[in-house]
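To start, the structure itself, in structure tokens.
Just so you know, these numbers use all the heavy atoms, side chains as well, and skip hydrogens, waters and symmetry mates. Letters A, B, ... mirror the listed sequences (proteins, then strands); counts begin at 1. Keep in mind that what you see is a predicted model, and the values were worked out from it rather than measured.
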Amino acid sequence: MAVAPRLLNLLLVRGSRVGRIVEVEAYRGSADPASHAFGGRSRRNATMFGPAGHLYVYFTYGMHWCANVVCGEVGVGEAVLVRALAPVAGVGEMWSARPAARQERDLCSGPAKLCQAMGIDGAHDGLDLLAAGGAVQLLDDGTPAPRHPGNGPRVGISKAADRPWRWWVPGSAHVSPGRR
DNA sequence: CTTTGGATCGTCT
DNA sequence: GACGATCCAAAGG
């Protein structure tokens with residue numbers, strides 16, 4: 001979880017589409033009742049227990065994909081959910097992928113929205129975000145993480161909802177509405 | 001602006 | 001068989 005705020009301001013790259021990470025949430029394996037990894041490894045969450053730097057994509061509510069960056073050691077099951085991006089490049093493609101968006105800030109201001117905009121789905125589960133030439137990559141363009149990131153409770157969970165494991169870039173218009 | 005309910009199905013018990 | 005790490009459109013103030 002210590003690494004979660006350090007993901008802020010990194011770039012998520014998928015082909016010509018690029019977004020800057022502006023909101024994340026940490027999920028801590030077996031120590032965290034809200035985590036998919038709570039209760040051990042299973043078919044769906046296997047990627048969480050793999051090497052750090054890989055992409056964990058899961059399907060939820062019968063229609064949505066969400067993307068996480070695996071952050072723990074092998075066998076631990078820690079991951080960080082990417083909740084929002086600021087579009088940087090390929091914005092036209094994002095609009096095509098997300099006809100429901102009304103304003104640019106709606107393109108990637110939510111975990112399922114950004115997967116839609118970026119074209120990320122279950123086919124990308126388990127791939128290495130740090131490998132050169134990968135379909136989805138995590139890059140550092142030199143922009144440092146905020147010195148004092150926003151910090152507060154996680155969103156959309158019923159268990160352990162009080163743990164302040166959500167971080168965001170203060171003031172970013174692309175953070176989920178009502179949460180910046 | 002806020003609140004509400006529907007959509008929709010893989011996963012685990 | 002129940003329940004989501006959600007989103008959106010519609011309705012109400």
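- Partners of A/H36 according to the ring-ring contact (aromatic ring centres under 6.0 Å, His included) rule, which considers only residues two or more places apart in sequence or in another chain, are A/Y58.
- Smallest separation of non-hydrogen atoms from A/P146 and A/N9: CD-ND2, 3.6 Å.
- Atom-to-atom distance recorded for A/D140:CG and A/L130:CG is 11.0 Å, nearest 0.5 angstrom.
- A donor-acceptor pair under 3.5 Å is formed between the side chain of A/N151 and the backbone N or O of A/P164.
- Residue A/R6 places its CZ atom among 12 or fewer non-hydrogen atoms of other residues, nucleotides or ligands, all under 6.0 Å distant.
- Rounded to whole Å, the distance from OH on A/Y56 to C1' on C/dA5 is 9 Å.
- Nucleotide B/dA7 holds its C1' atom 17 Å from the CH2 atom of A/W65, rounded to whole Å.
- If you measure from atom CZ of A/R163 to atom P of C/dA5, you get 15 Å, rounded to the nearest angstrom.
- For the pair A/N68 CG and C/dA5 C1', the interatomic distance rounds to 8 Å; values are reported in whole Å.
- Evaluation of the salt bridge (charged side-chain N to carboxylate O under 4.0 Å, His left out) rule for A/R154 yields A/D32 as partners, not counting sequence neighbours.
- Using a 4.0 Å heavy-atom criterion, one finds that A/Y61 contacts the bases of the nucleic acid, with or without backbone contacts as well.
- Residues of residues 42-55 of chain A that place a heavy atom closer than 4.0 Å to DNA chain B, in numerical order, are A/S42, A/R43, A/R44.
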Each base of DNA chain C marked ( ) or [ ] if paired in-strand (Watson-Crick or G-U under 3.5 Å), | if paired to another strand and . if unpaired gives ||||.|||||||.

Protein-proximity profile, nucleotides 7-13 of chain C, B/S/- by nucleotide at the 4.0 Å heavy-atom cutoff, equals SSS----

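- Listed by chain and residue number, A/R20 satisfy the salt bridge (charged side-chain N to carboxylate O under 4.0 Å, His left out) test with A/D141 (two or more places apart in sequence, or in another chain).
- Using a distance-only test at 3.5 Å, with no hydrogens or angles considered, no donor-acceptor pair links the side chain of A/D125 to the main chain of A/N45.
- Between the OH atom of A/Y27 and the P atom of C/dG4 there is a distance of 12 Å, rounded to whole Å.
- The nearest whole Å value for the distance from the CZ atom in A/F38 to the C1' atom in C/dG4 is 16 Å.
- One atom, OH of A/Y58, and another, P of C/dG4, lie 12 Å apart when rounded to the nearest Å.
- Using a 4.5 Å heavy-atom threshold, the side chains of A/V70 and A/L55 count as separate.
- Residues A/H174 and A/C108 fail the side-chain proximity criterion, which asks for heavy atoms closer than 4.5 Å.
- Note that A/R179 lies outside the cation-pi zone of A/W168, set by a 6.0 Å cut-off to the ring centre and a 45° limit from the axis.
- For A/H36 and B/dC12, the NE2 to C1' distance is 12 Å, given to the nearest whole Å.
- Using a 4.0 Å heavy-atom cutoff across all strands shown, A/L81 reaches at least one base atom of the nucleic acid.
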